[in-house]
Amino acid sequence: MSRAIDFEIARQAELYNQGKDDEVVQETRLWEEGSQKTVTMRKKEGLADYRYFPEPDLPEVILTEEYVNDIRDSLPELPEMKRRRYEEMGLTMQDVLFLANDV
């Protein structure tokens, strides 16, 4: 996947630099391992081609605000928040980093 993404970035940048940015179209592309390049599978005509349909076999997940807040409240303080809190206390950067990274 990373080779396909790298190839597409280079392909589209080259088209843009050559003034052919109108050739960069919305389409589905396929990675060909043998030739190490992407090729067009199908063109997207319009927004209708990007519709998403719910998966009928997966039930909808409904999370209440109370449930999310309970989970959030149960999490430990994040290192970045610790660093900010310790900096506001006036501790040296060495102490801040030591304490913030200590579980």
Side-chain angles (χ1 to χ4, degrees):
M1 184 178 292
S2 67
R3 288 190 307 243
I5 292 170
D6 291 342
F7 179 85
E8 271 305 295
I9 290 170
R11 184 185 76 83
Q12 291 182 25
E14 183 177 339
L15 287 171
Y16 181 79
N17 290 335
Q18 293 174 353
K20 300 178 183 178
D21 49 313
D22 58 323
E23 292 182 27
V24 178
V25 295
Q26 291 184 340
E27 62 185 349
T28 300
R29 295 184 68 86
L30 168 72
W31 174 252
E32 285 191 344
E33 189 66 34
S35 60
Q36 295 288 296
K37 66 178 186 176
T38 62
V39 294
T40 300
M41 284 179 59
R42 71 173 184 268
K43 302 248 186 240
K44 306 276 185 169
E45 296 296 326
L47 291 177
D49 293 322
Y50 289 98
R51 289 179 295 190
Y52 294 97
F53 299 98
E55 171 59 52
D57 297 328
L58 296 176
E60 183 178 1
V61 176
I62 299 173
L63 304 176
T64 65
E65 190 172 334
E66 178 184 8
Y67 178 77
V68 172
N69 288 336
D70 287 345
I71 297 295
R72 185 179 293 123
D73 293 342
S74 72
L75 296 174
E77 185 178 23
L78 296 174
E80 179 61 29
M81 298 306 290
K82 278 186 186 179
R83 281 192 285 278
R84 289 181 188 166
R85 186 164 51 87
Y86 293 147
E87 285 173 2
E88 290 171 1
M89 294 172 139
L91 296 175
T92 66
M93 187 52 70
Q94 182 179 358
D95 289 339
V96 167
L97 293 175
F98 176 79
L99 292 170
N101 293 325
D102 184 40
V103 179

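- The shortest distance between side-chain heavy atoms of Asp21 and Leu15 does not fall below 4.5 Å.
- Taken together through direct or relayed side-chain contacts under 4.5 Å among Ile, Leu, Val, Met, Phe, Trp and Tyr, Leu99 and Met89 form part of one hydrophobic cluster.
- Put simply, the side chain of Ile62 reaches to within 4.5 Å of the side chain of Glu60, judged on heavy atoms.
- Hydrophobic clustering places Ile71 together with Leu63 (ILVMFWY residues linked when any side-chain heavy atoms are closer than 4.5 Å, directly or through intermediates).
- In this structure, the separation between OG1 on Thr92 and CG on Leu97 is 8.5 Å, given to the nearest 0.5 Å.
- Counting only heavy atoms from C-beta outward, the side chains of Lys82 and Val96 never approach each other to under 4.5 Å.
- Here the CH2-CD distance, from Trp31 to Glu8, works out to 9.0 Å after rounding to the nearest 0.5 Å.
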Let me see the working for Asn101 and Arg83 under side-chain contact (heavy atoms from CB on, under 4.5 Å), right down to the final yes or no.
CA-CA 9 Å; Asn101 293 325; Arg83 281 192 285 278; 3.6 Å; yes
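- How far CE of Met41 is from CG of Leu30: 5.5 Å, rounded to the nearest 0.5 Å.
- A distance-only check finds a donor-acceptor pair linking the side chain of Arg29 to the backbone of Thr38 [under 3.5 Å].
- Hydrophobic clustering (side-chain heavy atoms under 4.5 Å, transitive across Ile, Leu, Val, Met, Phe, Trp, Tyr) groups Val61 together with Val68.
- Put simply, CD on Glu65 and CZ on Arg72 are 8.5 Å apart, with the number rounded to the nearest 0.5 Å.
- When hydrophobic clusters are built by joining Ile, Leu, Val, Met, Phe, Trp and Tyr residues whose side-chain heavy atoms come closer than 4.5 Å, directly or via intermediates, Leu91 is grouped together with Met93.
- With rounding to the nearest 0.5 angstrom, the CZ atom of Arg11 is 14.0 Å from the CG atom of Asp6.
- Residues satisfying the side-chain hydrogen bond (donor to acceptor under 3.5 Å, both in side chains) criterion with Glu14, sequence neighbours excluded, are Gln18.
- Residue pairs that meet the salt bridge (Lys or Arg N to Asp or Glu O under 4.0 Å) test with at least one member in residues 84-95, sequence neighbours left out, are Glu77-Arg85, Glu80-Arg84.
- Checked by atom type and distance alone, the side chain of Gln36 pairs as donor or acceptor with a backbone atom of Glu33 at under 3.5 Å.
- Ionic pairing of Lys37 and Glu32 is not present here: no N-O contact between side-chain nitrogen and carboxylate oxygen is shorter than 4.0 angstrom.
- Clustering ILVMFWY residues whenever any of their side-chain heavy atoms sit less than 4.5 angstrom apart, transitively, puts Met81 in a cluster other than the one holding Tyr86.
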